[in-house]
Trainee: 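I'd like to ask some things about the structure below.
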Amino acid sequence: MRATAPAMSEMPGPKNVWWGDYHHGTQRHRGVVTYSVSPFRQSATSHLFRSYLFNGYRRLSAQLPYWIVPVGIGYGIYAWAKKRDAWQNSKEGHLAGASH
């Protein structure tokens, strides 16, 4: 996409109240440049879902090693803790840890 020609404009907002407006609108702000893209040149939702099927799959599969390892470690810790908790709350666990 190519941007349109720059449009020179003043600062946004009310004309008489703005930061840096020293004399209530008598001093003009200059040099503010606004760029925009023509609505005929942009098409934001063109082929949105078709592009996501291929590009999204590629991007997600590239990130797979970075999140599957921590998820696997977290699930392993969770499964171990749940099994240990069940053992500690059983009769065998109470007898093994009983010091009284």
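Being a predicted model, the structure only gives us computed values, none of them experimental. The first residue of the sequence shown is numbered 1, and numbering continues consecutively from there. The figures that follow rest on heavy atoms only: side chains count, while hydrogens, waters and symmetry mates do not.
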Trainee: Among Ile, Leu, Val, Met, Phe, Trp and Tyr joined by side-chain contacts under 4.5 Å, find the other residues sharing a cluster with Tyr66 and list them by chain and number.
Mentor: none
Trainee: Among all residues two or more places apart in sequence or in another chain, which pass the side-chain contact (heavy atoms from CB on, under 4.5 Å) test with Trp67?
Mentor: Gln63, Leu64, Val71
Trainee: Of all residues at least two apart in sequence or in a different chain, which pass the side-chain contact (heavy atoms from CB on, under 4.5 Å) check with Asn89?
Mentor: Asp85
Trainee: Kindly list each side-chain donor-acceptor pair under 3.5 angstrom involving residues 73-83, sequence neighbours excluded, with atom names and distances?
Mentor:
none

Trainee: Could I get the full list of side-chain hydrogen bond (donor to acceptor under 3.5 Å, both in side chains) partners for Arg59, not counting sequence neighbours?
Mentor: none
